[in-house]
*Asks:* 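Structure provided below as structure tokens; questions to follow.
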Amino acid sequence: MVSTWDRGLAPGYACGIIDKMISAAHPFQTDDPRLRPIHDKVMAHDRLDADDALALYRTGDVLAIGWMANLVREQMHGDRTYFNVNRHLNPTNVCVAACRLCAFGRKKDTPGAYTMALEEAFETAASGYSEAVTEFHIVGGLHPDLPFQYFLDLISGLKQRFPQVHLKAFTMVEVAYLSKRAKLSIRETLEQLKAAGVDSLPGGGAEIFADRVRHIICDHKIDGDQWLDTAKLAHQIGLKSNATMLYGHVENDEDRVDHLLKLRALQEETGGFQTFIPLAFHPYNTPLQHLPKTTGMLDIKQIAISRLVLDNFPHIKAYWQMMTAKIAQIALRFGADDIDGTVVEEKIYHDAGATTPQGMRREELVRLIREAGREPIERDTLYRPVTRTETSVTVAV
Ligand code: V47
């Protein structure tokens with residue numbers, strides 16, 4: 001049997017493993033016999049397979065799954081819980097893709113469509129700078145006319161103005177589209193973006209890799225293999241990235257398992273993923289608005305299953321904007337070790353009906369984490385601890 005926890009965490013894993021003793025006060029309990037062999041594997045640090053993952057989706061015993069996911073989370077991170085002070089920047093919502101899952105994208109010249117001039121983008125970035133952000137998270141639509149140079153100038157201009165801020169920019173889908181527009185290979189596109197100042201890539205656009213589902217929710221996007229190939233190339237040229245999975249629409253349990261196992265396999269090859277972020281589908285204002293919203297039970301279960309199946313991913317993020325701060329806080333006891341950041345201004349989820357606040361102050365994030373009984377650690381995008389004083393922000397390298 002392979003022992004995966006140790007092997008999976010080795011590359012680039014800064015925190016080390018804390019072998020926290022299992023609390024005798026909280027013994028594992030379940031009345032679902034399918035979970036017993038999974039529990040044995042988790043205790044032996046053996047990798048879970050597709051059947052195990054399916055059994056986790058199909059059980060109603062969310063507390064038993066949570067017990068196992070929390071154990072793994074504490075073995076990896078103890079009580080440490082990460083957040084960052086970041087700002088989202090969406091330079092354009094003009095998009096050729098017209099994905100059914102999306103409420104953010106607009107066709108060019110239609111009501112609500114916008115594209116920021118470069119100076120406007122720099123001003124918007126600066127407007128959330130009062131808390132000394134350490135990351136700009138930059139994503140937008142697939143604009144049919146903006147030249148590749150616009151994106152290179154956006155990145156180099158931001159780097160020039162905010163040299164200490166990490167630029168986490170462009171999903172694999174945007175990179176693939178830019179490469180087509182610029183008539184460059186994906187590798188060349190990534191290399192030019194990196195040279196301009198991109199420091200890492202966010203995890204968006206992965207949705208669900210299965211073709212059947214992709215044809216329904218995001219027909220015009222790159223397919224799952226192209227998403228994975230683009231991530232692989234990014235990792236090969238030294239850019240870390242995140243990965244997401246959009247759940248709670250027309251996918252089934254097998255599609256979710258397939259998605260997780262494909263990410264795990266690529267991570268085995270490259271070690272380039274930092275964080276996995278499960279994203280709950282928000283149906284409002286999308287062509288799929290007849291679908292119901294996800295429930296708290298599924299959101300929590302998805303966090304726990306992610307932690308258990310993605311044994312080689314260092315971090316699992318409970319994105320508070322998507323889950324609500326209340327569910328994200330509970331997720332910190334069900335496998336998540338990261339709650340994302342201050343965000344400042346979120347558009348993608350709010351266009352799709354999210355009722356969470358647009359942003360959250362640093363102190364509020366700290367309070368949420370402390371009240372979950374965890375230790376808040378402000379991190380930069382590469383998970384290096386950030387220290388703040390009245391007048392300075394320092395990243396431990
Ligand atoms: O790719 C779009 C999703 C993603 C909807 O890397 C929707 O740290 C739900 O990827 N309902 C963008 N989801 C957000 C994203 C992200 C967020 C936070 C942190 C990170 C990171 C990445 O949002 C899209 C798509 O999968 N999305 N529309 C919708 N209606």
Side-chain angles (χ1 to χ4, degrees), residues 84-96 104-105 114-129 132-205 222 227 230-244 272-275 341-348 380-382 384 393 395:
N84 73 350
V85 177
N86 65 347
R87 192 205 202 291
H88 283 206
L89 182 64
N90 307 116
T92 181
N93 65 353
V94 172
C95 191
V96 293
F104 170 71
Y114 74 85
T115 299
M116 293 179 185
L118 287 175
E119 277 311 318
E120 196 186 340
F122 301 144
E123 275 165 31
T124 307
S127 71
Y129 200 64
V133 303
T134 60
E135 170 191 285
F136 290 138
H137 174 146
I138 307 161
V139 292
L142 309 180
H143 196 298
D145 304 328
L146 280 179
F148 186 38
Q149 195 59 45
Y150 168 93
F151 296 92
L152 297 175
D153 292 346
L154 172 70
I155 294 298
S156 56
L158 286 169
K159 215 29 155 196
Q160 207 180 6
R161 287 164 179 79
F162 310 99
Q164 67 282 41
V165 176
H166 182 109
L167 302 182
K168 184 177 79 180
F170 311 128
T171 65
M172 307 307 160
V173 176
E174 290 169 274
V175 170
Y177 186 71
L178 289 176
S179 86
K180 263 214 283 189
R181 298 247 328 120
K183 299 191 173 44
L184 294 171
S185 69
I186 303 251
R187 180 185 282 270
E188 284 166 333
T189 307
L190 284 162
E191 278 166 351
Q192 290 202 22
L193 289 170
K194 188 178 178 205
V198 166
D199 296 303
S200 71
L201 280 75
I222 53 173
W227 190 97
T230 307
K232 186 170 170 175
L233 283 166
H235 299 168
Q236 281 171 352
I237 69 158
L239 290 168
K240 293 276 182 194
S241 83
N242 292 337
T244 56
F273 289 117
Q274 301 204 103
T275 310
T342 49
V343 181
V344 182
E345 189 185 17
E346 203 284 332
K347 292 189 199 292
I348 296 171
D380 72 351
T381 312
L382 301 174
R384 296 173 301 193
V393 179
V395 176

*Asks:* Provide the closest heavy-atom pair for Leu184 versus Phe148 in the form atom of the first, atom of the second, distance.
*Replies:* CD1-CE2, 3.7 Å
*Asks:* With a sphere of 6.0 Å drawn around NZ of Lys232, does it hold more than 12 non-hydrogen atoms of other residues, nucleotides or ligands?
*Replies:* no
*Asks:* Which residue, Thr189, Leu190, Leu193, forms the side-chain contact (heavy atoms from CB on, under 4.5 Å) with Phe170?
*Replies:* Leu193
*Asks:* Could you state the interatomic distance from SG (Cys95) to CG (Leu142), rounded to the nearest 0.5 Å?
*Replies:*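 Separation between the atoms: 4.0 Å.
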*Asks:* Would you say Phe273 and His235 make side-chain contact, with heavy atoms under 4.5 Å?
*Replies:* yes
*Asks:* Could you tell me if the side chain of Glu123 sits less than 4.5 Å from the side chain of Met116, heavy atoms only?
*Replies:* no
*Asks:* Are the side chains of Val139 and Ile348 in contact, using a 4.5 Å heavy-atom criterion?
*Replies:* yes
*Asks:* Find out whether Phe122 and Leu154 are in side-chain contact, i.e. whether some heavy atom of one side chain is under 4.5 Å from a heavy atom of the other.
*Replies:* yes
*Asks:* Roughly how far apart are His137 NE2 and Lys168 NZ, rounded to 0.5 Å?
*Replies:* 5.0 Å
*Asks:* Where do Asn86 and Thr134 land on the side-chain contact (heavy atoms from CB on, under 4.5 Å) test, with the steps shown first?
*Replies:* CA-CA 6 Å; Asn86 65 347; Thr134 60; 5.9 Å; no
*Asks:* Ignoring hydrogens and geometry, is there a side-chain-to-backbone donor-acceptor pair from Gln274 to Thr381 under 3.5 Å?
*Replies:*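 Looks like yes, one N/O pair under 3.5 Å.
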*Asks:* With a 4.5 Å cut-off on side-chain heavy atoms, are His166 and Asp380 touching?
*Replies:* no
*Asks:* Taking all non-hydrogen atoms of both residues into account, name the closest pair between Thr171 and Gly204 and its distance.
*Replies:* CB-O, 3.4 Å
*Asks:* Nearest 0.5 Å, please: how far is CD in Gln192 from CZ in Arg187?
*Replies:*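 The CD atom of Gln192 is 13.5 Å from CZ of Arg187, to the nearest 0.5 Å.
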*Asks:* Working to the nearest 0.5 angstrom, can you tell me the gap between Glu188 CD and Leu233 CG?
*Replies:*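 Between atom CD of Glu188 and atom CG of Leu233 there are 11.0 Å.
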*Asks:* Strictly distance-based, threshold 3.5 Å: is any side-chain N or O of Arg181 a donor or acceptor partner for the main-chain N or O of Asp145?
*Replies:* yes
*Asks:* Does the gap between the ring centers of Tyr177 and His143 come in under 6.0 Å?
*Replies:* no
*Asks:* What are the two closest heavy atoms between Trp227 and Ala243, and how far apart are they?
*Replies:*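 Scanning both residues completely, I find the closest heavy atoms to be CH2-CB, 3.9 Å.
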*Asks:* Do Leu158 and Ile138 make a side-chain contact, defined as non-hydrogen atoms from C-beta onward lying under 4.5 Å apart?
*Replies:* yes
*Asks:* Return yes if some donor-acceptor pair links the side-chain N/O of Lys180 with the main-chain N/O of Val175 below 3.5 Å, else return no.
*Replies:* no
*Asks:* Tell me, with the steps shown, if Glu119 and Arg161 meet salt bridge (charged side-chain N to carboxylate O under 4.0 Å, His left out).
*Replies:* CA-CA 11 Å; Glu119 277 311 318; Arg161 287 164 179 79; 3.4 Å; yes
*Asks:* When you measure from the side chain of Glu174 to the backbone N and O of Gly140, does any donor-acceptor pair fall under 3.5 Å?
*Replies:* yes
*Asks:* Which atom names give the shortest non-hydrogen contact between Ala169 and Ile155, and what distance separates them?
*Replies:* CB-CD1, 3.9 Å
*Asks:* Does a side-chain heavy-atom distance below 4.5 Å link Asn93 with Lys347?
*Replies:* no
*Asks:* Which distance, rounded to the nearest 0.5 Å, do you find between the OG of Ser127 and the CD of Glu120?
*Replies:* 10.5 Å
*Asks:* Do Thr124 and Arg87 have side-chain N/O donor and acceptor atoms under 3.5 Å apart?
*Replies:*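 No pair is found: no donor N or O on one side chain lies under 3.5 Å from an acceptor on the other.
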*Asks:* Would you call Val133 and Phe162 a side-chain contact if the rule is heavy atoms closer than 4.5 Å?
*Replies:*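 No, too far: nothing below the 4.5 Å cut-off.
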*Asks:* For Leu239 versus Ser200, what's the shortest heavy-atom pair and its separation?
*Replies:*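 In terms of heavy atoms, the two residues are closest at CD2-N, 4.1 Å.
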*Asks:* Keeping the roles fixed (side chain from Lys194, backbone from Ile237), state whether a donor-acceptor pair exists under 3.5 Å.
*Replies:* yes
*Asks:* Is Asn242 reaching over with its side chain to a backbone N or O of Pro202, donor-acceptor style, under 3.5 angstrom?
*Replies:* no
*Asks:* Supply the atom-to-atom distance Leu146 CG to Thr115 OG1, rounded to the nearest 0.5 angstrom.
*Replies:* 5.5 Å
*Asks:* I need the minimum non-hydrogen distance between Thr244 and Gly205, along with the two atoms involved.
*Replies:*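 Reported closest heavy-atom pair: OG1-N, 4.1 Å.
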